[in-house]
Trainee: 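Please read through the structure below; I'll follow up with questions.
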Amino acid sequence: MLNEEVHVNEVLKKYPSATREDLLDILHDIQESDPHHYLSDAALSDVAAHLGMDLADIKGTASFYSMFSFSPRGKHVIRICDSPPCQLLGATTILQKLIDVLGIAVGETTSDGLFTLETASCLGVCGVAPAMMIDQETYGNLTPTRIAEIIEQIRREDEAS
Amino acid sequence: MKLARSLVLIEIEEDSLLAGAKAVEQAFSAAIEEQGLAQEIRVAETGNLGIIGRGVVVVIYPEGTTYVGVTEADVPEIVSEHLLKGRPVKRLQACLAPCRDREKKGLGLTREQPRIVLKNCGIIDPESLEEAIAVGAYEAVERVLTEGISPAGVIDEVIQSGLRGRGGAGFPTGKKWSFTAPGEEKYLVCNADEGEPGTCKDRLILEGDPHRLIEGMLLAGYAIGAKKGYIYIRGEYTLPIGRMTRAIEQARANDLLGDHILGSDISFDIEIKKGAGAYVCGEETALIESIEGKRGYPRLKPPYPGQMGLRGKPTVVNNVETLANVAPIILNGADWFRSFGTKTCPGTKVYTILGHAANPGLIEVEMGTSLREIVYEYGGGIRNGKDFKAALIGGAAGAFVDEAGLDVAMDYDNLRDYSAVLGSGAILVLDEDASIVELLQGILHFFAHESCGQCATCRSGTDRLVDILSRFCSDAGTEKDLDLLLRVSKLMQEASFCPLGQSPVIPIESALRAFKQEFLDYKPVLTHS
């Protein structure tokens, strides 16, 4: 896809004399600028060529880290914390509510391509447990009612834009 | 900086941002402007004020009045009553009668805290170098330069202070530095990959007082002879990464980082490396592998990083909180530091009190403070008037401590006797209705998910632990299964390659010691708070 090439090239331009040590930063940048928040095979091949590394090596490294995704994700990525502090304060109910509201299982994307639902280990905002992140934004002190409101609000904002 | 009659400090950090801190800040600026007070009153942002889960927190100086749960709608009242007429708005004040000390200090919790690490958190604007300098940032560096203290002198002072690593095991920091092999090229790495569930103390230091960390790294780098430092921060920590990046740029622009710092022979610079979601990277050699752009597999030790670390060169890896203690030690001396805490563990410890505590929050207390004091005096006891059941100390790799352990004076040595770990400073408080079985299940899932897969013991072992415990969740577990659970985890402790696989025994053994019957009686139903 032409569009994809552009954003990958833009990122790689920022790392002119990159070495392996820049790999994670490069992958972060590419994933953040991708409209589907993932690392495509084409993008990884470009990175491999840029760093002079094997594609297998790049994939092997990237797949170690849970923040990287290798399949297209929705416009908004929901990451709900399932670590003990959130669990203690009701994260299981919150996750179930998300599954109900979105009509998808963990790891899936809604048919309109708007949301992908994922679980995450501790997001580091335990003071407002249970918590989740939607893209770069953190939401805390969640209740089932708030889940419905938050999702509804994002849907409305998307329709408006 | 222009002098202002009053200062309105608004806590801007991840928790308060969720509660609308930015809107409150704008409302203050607008209302102050409207009242014609803009010349007299300054509105500024600050880091965490030590209060968690109470919405937007605002402190007004010079009185040090703390307001919690402030919304946009409350702002006009605070401005017209407090700032114009000098009458605090009582209904929003954090806590009234019992909190004299708190009001004096401008802190939010119920008891005065000796603050070394968090001294400036919530007092200064973390995005301003000037404010940091105004409260003493870089004075320790100045002392080293003007008094000509040698690197060995810095190491000696830190050894004398008895500072121990605040990341986990509590290894003496000065000794770690002195063990660094000689060499032209050395590195200092700050471990800010705070992944232990229930821990956010390092985030709050990074967000609240970034220059404190830079100064600590500068001193540590000087002591060990490193010219380059790295801060490895969790990829999820967007705000701390932004604040640290900014602080590093400010320090460079003011000759506090880079070549020939303040005209001296010392050169040191810092680079931020972002993690990408791997708990195991909190282990120092896995972290080094990750900085090198590889899978975060722990390395075989020895050689320790002090001999052969980043890029094969001698490297010291220290935790954020450890490094944040260095500048005050160099400035005030080892004896001063030893006046806090216990004989074998001097200084303070930063904790996050979470879970069912009435006042969840961030506190800094002297080493050796008992769990009872932490839960009841700083954490305000158990919420909703319930009884204390247990606390999980130290995150997933932590131990359950029941009522019998409430009076343990918490430091590295005493907790080790209790086979608990102080490390991450996470204190998850559980009330009488909390299910230890479900919590342990969550912990074991966490380990299975985060096992890096390098060694078979941990890779298969963590899965086995989940399988065994899940028998109780389908009501088929027996006492024999509990024995098996313990046996497998002990085997993992013996045979796993790194601390991740060696850790599950800690929560398992402590849970079974105090709550064995609960497992046998467990009826699988979901409990919610």
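Here the structure is a predicted model, which means the values were calculated and not measured. Just so we're on the same page: letters track the sequence lines, and every chain starts at 1.
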Trainee: Can you spot which of B/E13, B/E196, B/E321 makes a salt bridge (Lys or Arg N to Asp or Glu O under 4.0 Å) with B/R203?
Mentor: B/E13
Trainee: Using a cut-off of under 4.5 Å for heavy-atom pairs, which of B/G195, B/P197, B/A276 has the most such pairs with chain A?
Mentor: B/A276
Trainee: In terms of heavy-atom pairs under 4.5 Å, which option from A/C81, A/C126, A/A131 contacts chain B the most?
Mentor: A/C126
Trainee: Does any backbone or side-chain atom of B/C281 lie under 4.5 Å from a heavy atom of chain A? Answer side chain, backbone, both or neither.
Mentor: side chain
Trainee: Let me know if B/I443 has heavy atoms under 4.5 Å from chain A in its side chain, its backbone, both or neither.
Mentor: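 Both parts, heavy atoms under 4.5 Å.
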Trainee: Using heavy-atom distances under 4.5 Å, tell me whether B/T238 contacts chain A through its side chain, its backbone, both, or neither.
Mentor: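 For B/T238, side-chain heavy atoms alone lie under 4.5 Å from chain A.
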Trainee: What part of B/L354 lies closer than 4.5 angstrom to a heavy atom of chain A: side chain, backbone, both or neither?
Mentor: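 Looking at B/L354, just its side chain touches chain A.
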Trainee: Relative to each other, are the rings of B/F447 and B/Y279 parallel, tilted or perpendicular (30° and 60° limits)?
Mentor: perpendicular
Trainee: Would the number of heavy atoms belonging to other residues, nucleotides or ligands and lying under 6.0 Å from NE2 of A/H37 be above 12?
Mentor: yes
Trainee: What part of B/E236 is in contact with chain A, defined as an atom under 4.5 angstrom from a non-hydrogen atom: side chain, backbone, both or neither?
Mentor: both
Trainee: Any donor-acceptor pair under 3.5 Å linking the side-chain atoms of A/H76 with those of A/D158?
Mentor: yes
Trainee: Below 4.5 Å, heavy-atom pairs only: which of B/G296, B/A357, B/A278 has the largest tally toward chain A?
Mentor: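 Heavy-atom pair counts peak at B/G296.
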Trainee: Using 30° and 60° as the class boundaries, would you call the ring planes of B/Y297 and A/F64 parallel, tilted or perpendicular?
Mentor: perpendicular
Trainee: Looking at B/Q441, B/H445, B/R234, which has the largest count of heavy-atom pairs under 4.5 Å with chain A?
Mentor: B/R234
Trainee: For the candidates A/A129, A/G140, A/S121, which exhibits the highest count of non-hydrogen atom pairs separated by less than 4.5 Å from chain B?
Mentor: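 Most heavy-atom pairs within the cutoff with chain B belong to A/S121.
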Trainee: Quick check for you: to the nearest 0.5 Å, what is the distance between B/R311 atom CZ and B/E185 atom CD?
Mentor: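 The CZ atom of B/R311 sits 7.0 Å away from the CD atom of B/E185.
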Trainee: So which of B/G453, B/C452, B/S290 has the biggest tally of heavy-atom pairs under 4.5 Å with chain A?
Mentor: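 The option with the most such pairs is B/S290.
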Trainee: Could you check which of A/V128, A/L24, A/L23 has the highest count of heavy-atom pairs closer than 4.5 Å to chain B?
Mentor: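 Winner by heavy-atom pair count: A/V128.
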Trainee: Consider only side-chain N and O atoms of B/T285 and B/E283, and report whether a donor and an acceptor are under 3.5 Å apart.
Mentor: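 A pair is found: one side chain offers a donor N or O, the other an acceptor, under 3.5 Å apart.
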Trainee: Under the 6.0 Å and 45° cation-pi test, does A/R146 pair with A/Y139?
Mentor: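 Pair A/R146/A/Y139 does not count as cation-pi.
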